[in-house]
Amino acid sequence: MKITFIALFLLLTVFVKAQSTMYFMERMPQSNAFNPANIPTMKFHIGIPALNNVSVEAYNTGFNYGELDDFLDNLESENYNPDEFINSIDGNNKFISEARANLLSFGFSLKDKGYFAFDMTATNYFVNEAQPEVVYLLADYDDIPVENFPITINQMDATENGFISMGFTYARVMNENLTIGVRPVINFNTFGLKTSGINYKITREETHYVDTYYDETFEYTDVDYNETFSGNVILGMPTEINPEAIDGNELDLDEGLFPDNWEDEIGLKNASLSLDLGATYQFEEWQFSASLLNLGTGKWRNNAYNLNGVYNDEDETIYIEEKDKIKVGIPTKIYLGAKRQFAPKWNYALLLHNTFYSTRSNASATLSLNGHIGSMLSTSVSYTAGYKFNNVGLGFRLRFLPGTDLYFVTDNLLQCFNYKNAHRVTASFGINISIGTEQLPKQSI
């Protein structure tokens, strides 16, 4: 049995959130997701449900898609040495993904005093860290050379947090220079996973048979693979674990984790709070900004479990304990920005960003040119250093119907055309309806 987060690794690698390019884009209400003090230059906006903002990001440190594809295609070749690819992965491989879908959003100007916005969003974070040998779990075991068995992967860790959130953004213009923003967020946690000390081992066994047919002897060989999984898992569920899978304090994974018709039991349970803070300061033609996001953690007070034990073909002893409360972290993010308005409709900017995960942080720096042409078009061209160094970004907002804008933003334009060389792929897209445009005093030059 291949455990849940290995399947998620396969699923999430096909996805493509633009974290940096969108930050300074003009007339984009989504920019306040990165800094609650960012005030859209419009009187009112509403997002079309499910089409307002869909954004996803995937980042893998040790190899790109093309290298993995080459590894899987050549494993069964006699002249291919898979250890060269394994050894090329420096340290543990880390895979990070984030997916967001805005379910409902709207906002309105408070005249010259600020802006209020509401957002309801579905979010999922996933982080996996494992030894380089984890790539063997993505292969057909029959293709792996015999001498590479047994395959052992120790201390494989994963964290996943899925939740539906409701955020209330209030941005206040304090004076002609300073604007502050705050966003309290209620998170309704749906699925959480945090592992520790996960060990995975694959052994290969051959059984030889001899058969005689019409005085002629035939030899057969059957190959079996035995997978052993052991460790500890903290699990937060959207519903109770399947009662038929629980016998005393043991869990039978073959019965499945989810009960029949479990979708009908999902509600807005396991609420927790987080907080986003932000500020901008205008000094002549310069604007400086800072924000701190996701101050909080996901909590489950219902359907919270601890699993530990060993699972393989011979020993299926997984112990289950229901907990009063578990916590699964939400990655904290910090943004520091500076932009200079060198023309009435154009600016250039620098943005520093860091996301803090439980085992690591990811830092980046982005240079961008941002502006708009009338009310029809906003655009941003960016370059991001960090992650890897080939991140050229592009964003545009196009008014294709009266009051209706279509936008697309990516931090990785080149990888959209050359995905096989991508370690990190991001994209955001959606449709906004906005009424009226304003130029606030703090944004004038």
Side-chain angles (χ1 to χ4, degrees), residues 17-42 45 53 55 57 107 115 117 169 171 173 177-181 183 276-293 333-355 363-386 391-399 405 407-413 426-430 432 434 437-445:
K17 186 176 166 184
Q19 290 200 357
S20 300
T21 305
M22 189 185 292
Y23 188 95
F24 290 110
M25 281 190 66
E26 299 286 340
R27 301 185 181 180
M28 284 282 292
Q30 283 74 24
S31 66
N32 71 8
F34 307 102
N35 187 336
N38 283 345
I39 296 180
T41 53
M42 57 191 64
H45 83 271
N53 185 16
S55 58
E57 173 185 9
Y115 204 84
T169 303
V173 178
N177 301 110
L178 177 64
T179 299
I180 61 174
R183 179 168 46 241
D276 300 341
L277 301 171
T280 65
Y281 186 83
Q282 190 78 25
F283 180 71
E284 296 180 351
E285 71 270 22
W286 285 92
Q287 184 191 82
F288 303 95
S289 60
S291 60
L292 190 58
L293 311 181
K333 301 182 180 185
I334 185 171
Y335 291 91
L336 299 173
K339 72 174 181 178
R340 182 179 183 273
Q341 201 82 26
F342 66 88
K345 296 182 180 181
W346 293 92
N347 66 76
Y348 54 80
L350 171 66
L351 179 66
L352 305 179
H353 161 246
N354 205 342
T355 299
S364 65
T366 300
L367 290 170
S368 62
L369 175 65
N370 317 280
H372 62 92
I373 302 172
S375 62
M376 293 294 296
L377 178 67
S378 298
T379 187
S380 178
V381 179
S382 70
Y383 170 75
T384 298
N391 301 295
V392 176
L394 175 66
F396 70 86
R397 174 204 59 88
L398 178 64
R399 177 148 296 188
D405 299 328
Y407 71 89
F408 174 83
V409 189
T410 179
D411 285 351
N412 309 85
L413 181 64
T426 69
S428 293
F429 58 91
N432 293 320
S434 59
T437 58
E438 298 181 338
Q439 193 72 11
L440 297 177
K442 70 185 186 68
Q443 295 173 311
S444 62
I445 61 169

Quiz item: For atom CZ of Phe396, is the number of surrounding heavy atoms from other residues, nucleotides or ligands below 6.0 Å larger than 12?
Solution: yes

Practice problem: Might you point out which heavy atoms bring Val381 and Leu394 nearest each other, and give the distance in Å? | Solution: CG2-CD1, 4.1 Å

Quiz prompt | Distance, nearest 0.5 Å, that separates CH2 of Trp346 from NZ of Lys339 | solution = 13.0 Å

Quiz item: Can you check whether Asn432's main-chain N or O pairs, donor with acceptor, with Arg397's side chain at less than 3.5 Å?
Solution: no

Exercise. Could you tell me whether a side-chain N or O of Ser378 sits under 3.5 Å from a main-chain N or O of Glu26, the two making a donor and an acceptor?
Key: yes

Quiz item: Does Asn177 reach the main-chain N or O of Gln282 with its side chain, forming a donor-acceptor pair under 3.5 Å?
Solution: yes

Quiz item: Do the side-chain N and O atoms of Ser289 and Tyr23 include a donor-acceptor pair separated by under 3.5 angstrom?
Solution: yes

Self-check item: Separation between OG1 of Thr379 and CG of Leu369, rounded to the nearest 0.5 Å
Solution: 8.0 Å

Exercise. For side-chain contact (heavy atoms from CB on, under 4.5 Å), just list the numbers for Asn347 and Arg340, CA-CA rounded to whole Å, side-chain angles, deciding distance to a tenth of an Å, and then say yes or no.
Key: CA-CA 5 Å; Asn347 66 76; Arg340 182 179 183 273; 5.9 Å; no

Quiz item: Residues two or more places apart in sequence or in another chain: which of them pass side-chain hydrogen bond (donor to acceptor under 3.5 Å, both in side chains) with Thr366?
Solution: Ser20, Thr384

Quiz item: Ignoring hydrogens and geometry, is there a side-chain-to-backbone donor-acceptor pair from Arg183 to Ala33 under 3.5 Å?
Solution: yes

Quiz prompt | Side-chain donor-acceptor pair present, Thr21, Ser382, cut-off under 3.5 Å | solution = yes

Quiz item: Going from CG on Asp405 to CE on Met42, what distance comes out if it is rounded to the nearest 0.5 angstrom?
Solution: 7.0 Å

Self-check item: Derivation of the side-chain contact (heavy atoms from CB on, under 4.5 Å) call for His353 and Ile334
Solution: CA-CA 6 Å; His353 161 246; Ile334 185 171; over 6 Å; no

Quiz prompt | Flag side-chain contact, heavy atom, 4.5 Å: Ser428 against Met22 | solution = yes

Quiz item: Which atoms form the tightest heavy-atom contact between Asn35 and Ala290, and what is the distance?
Solution: ND2-O, 3.4 Å

Quiz item: Atom CG in Asn391, atom OG1 in Thr426: separation rounded to 0.5 Å?
Solution: 8.0 Å

Practice problem: Describe, in one word, how the ring planes of Tyr335 and Phe34 are oriented to each other, choosing from parallel (under 30°), tilted (30 to 60°) and perpendicular (over 60°). | Solution: perpendicular

Quiz prompt | Non-hydrogen atoms of Gly337 and Leu351 that approach each other most closely | solution = CA-CD1, 4.0 Å

Exercise. Measure the CG-CD1 distance between Asn32 and Ile39 for me, rounded to the nearest 0.5 Å.
Key: 9.5 Å

Quiz item: If every non-hydrogen atom of Ala338 is compared with every non-hydrogen atom of Phe288, which pair is closest and at what distance?
Solution: CB-CD2, 3.8 Å

Practice problem: Please tell me if the side chains of Leu292 and Asp276 come closer than 4.5 Å, counting only heavy atoms from C-beta onward. | Solution: no

Quiz prompt | Closest non-hydrogen atom pair between Gly278 and Pro36, with its separation | solution = N-CG, 3.6 Å

Self-check item: Those residues that, when tested against Phe408, pass ring-ring contact (aromatic ring centres under 6.0 Å, His included) (two or more places apart)
Solution: none

Quiz item: When you measure from the side chain of Thr410 to the backbone N and O of Asn412, does any donor-acceptor pair fall under 3.5 Å?
Solution: yes

Self-check item: Exercise: identify the closest heavy-atom pair between Asn370 and Ser368
Solution: ND2-OG, 3.0 Å

Practice problem: Go through Asn53 and Tyr407 one step at a time and tell me if the side-chain hydrogen bond (donor to acceptor under 3.5 Å, both in side chains) criterion holds. | Solution: CA-CA 9 Å; Asn53 185 16; Tyr407 71 89; 3.1 Å; yes

Quiz prompt | Side-chain (Tyr115) to main-chain (Gly107) donor-acceptor, under 3.5 angstrom | solution = yes

Quiz item: So, Ser375 versus Arg27: side-chain donor-acceptor pair below 3.5 Å or not?
Solution: no

Quiz item: Can you tell me how far CE of Met25 sits from CD of Gln30, rounded to the nearest 0.5 angstrom?
Solution: 9.5 Å

